[in-house]
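Everything on this sheet refers to the single structure shown next.
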Number of protein chains: 2
Amino acid sequence: MQDIPPQPDPQPDPATLAFARHDHSHCAGDTLARAEAVAAERGARLTPVRRRALEILLEAHRAMGAYEVLDRLAADGFGHQPPVAYRALEFLVEHGLAHRIRRLNAFAACMHPGQDHAPVFLICRACDSVAEAAGEPVRAALDTAAAAVGFTVERANIEALGLCPACTQGAAA
Amino acid sequence: MQDIPPQPDPQPDPATLAFARHDHSHCAGDTLARAEAVAAERGARLTPVRRRALEILLEAHRAMGAYEVLDRLAADGFGHQPPVAYRALEFLVEHGLAHRIRRLNAFAACMHPGQDHAPVFLICRACDSVAEAAGEPVRAALDTAAAAVGFTVERANIEALGLCPACTQGAAA
DNA sequence: TTATTTATGTTATAGCGTAACAGGTCAAGA
DNA sequence: TCTTGACCTGTTACGCTATAACATAAATAA
Ligand SMILES: [Zn+2]
Ligand SMILES: [Zn+2]
Ligand SMILES: [Zn+2]
Ligand SMILES: [Zn+2]
């Protein structure tokens, strides 16, 4: 959850990374750069508030409420009213640069923007970290279950609450 | 979504049923009876407010907001304040007699109480109906994805938004 | 009965989210 | 150049969702 000096190894699976000690400033910076590239490619305008909102979400592998983001934006000289945060977050979600975690009434930066993906969120109830795991098989199973009753899935929210690797260890002790 | 006279056939899959015309008074009554049996078995006290809240949720295959349930309870002579509804609903969820649909900030009656199940919700964006499909395969895929990164899943919310069979037809027209 | 727990109801307040309007920026086209 | 229109940012004001804290009453246990 914070910066730990040496981390020379190649990037592991993003969900594994979220729960592991890693050079997060690099992790966040890299993700931000990819997000900027995606925005440019799509012709989406990543304006100062929007970019700053994304940076804020990228500070840690956890979800933040809109009002928490708003406070941070306000402290940085942006507007102080809820729509300022909600609009920036809405933009990020719309363009796949962030996700909404309904279980937490909160938002989290997307850890692999650009890649078309069916995210599954793993929320640790002990340390509040949130990881975005590869959900393609889960989504496939969901589509199958829905198709069996004639239902057409357009969007899905798949959110799991439990214990991350570190906190599972702690609980076992 | 409303009562249609004859329906002699045996019960199909509950999710299929939710989207089909059926004798809902029988469907709801039967589910309520099973819920009562489950509550008795667990030693859970299905008091008048709680029972009435469940009946209200059972009136249709859709989710209802807590305040909507509250209005109905108040009209029936129960308390008029939010905690009255939230507590009844919390009880029902705790004992597996109802589910919370986070995407809608709402609650829906469980259509097969007692059976230990991993529900998946199929929410029609056109007619607002909500079906509870069998989610065991989906849950299994989720557990696998989580286990791959060392995460232990305790609870999961799996909610799909899309079009039910009837509304898919309508949209195609 | 008396003590203990559980349930119901209240007031008050916190937290989440959006509608509607005003002013500002920027680029395309007259 | 000037105007038009699209889009972005900011505001006020409000509505919906949810819970904390407390008082009373009913049910169960001792
Ligand atoms: Zn990181
Ligand atoms: Zn944890
Ligand atoms: Zn029915
Ligand atoms: Zn429908």
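Labels below follow one simple rule: chain letters A, B, ... track the order of the sequence lines, proteins then strands, and each chain is numbered from 1.
Between A:His80 atom NE2 and D:dT12 atom P there is a gap of 11 Å when expressed in whole angstrom units. Rounded to an integer number of Å, the gap from CG of A:Asp76 to C1' of D:dG10 is 16 Å. Atoms CG (B:Leu73) and C1' (C:dA7) sit 15 Å apart, rounded to a whole Å. Atom P of nucleotide C:dC16 and atom CZ of B:Arg103 are separated by 18 Å, given to the nearest angstrom. Spacing between atom NE2 of A:His95 and atom P of D:dC7 amounts to 11 Å, rounded to whole angstrom units. One interatomic measurement links the two molecules: CZ of B:Arg52 to P of C:dT8, which rounds to 15 Å at whole-angstrom precision. Spacing between atom CZ of A:Phe91 and atom P of D:dC8 amounts to 7 Å, rounded to whole angstrom units. Here the P atom of nucleotide D:dT9 and the CG atom of A:Leu70 are 14 Å apart, to the nearest Å.
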- Note on the structure: Quick tally for nucleotides 14-30 of chain D: nucleotides whose base has a protein heavy atom under 4.0 Å get B, sugar-phosphate-only ones S, the rest -, giving ---BBBB------S---
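Judged as a ring pair (Phe, Tyr, Trp, His ring centres under 6.0 Å), not a single pair has a partner in residues 33-57 of chain B (not counting sequence neighbours). Among residue pairs with one or both ends in residues 143-170 of chain B, those qualifying as salt bridge (charged side-chain N to carboxylate O under 4.0 Å, His left out) are A:Arg125-B:Glu154, B:Arg139-B:Asp143; sequence neighbours excluded. Applying the salt bridge (charged side-chain N to carboxylate O under 4.0 Å, His left out) definition to pairs two or more places apart or across chains, none involves residues 82-100 of chain A.
Residue A:Leu32 is grouped with residue A:Phe78 when hydrophobic side chains (ILVMFWY) are merged at heavy-atom distances under 4.5 angstrom, including chains of intermediate members.
For B:Glu55, the side chain to side chain donor-acceptor pair (under 3.5 Å) partners two or more places apart in sequence, or in a different chain, are B:Arg51, B:Arg52. For A:Glu68, the side-chain contact (heavy atoms from CB on, under 4.5 Å) partners are A:Arg62, A:Met64, not counting sequence neighbours.
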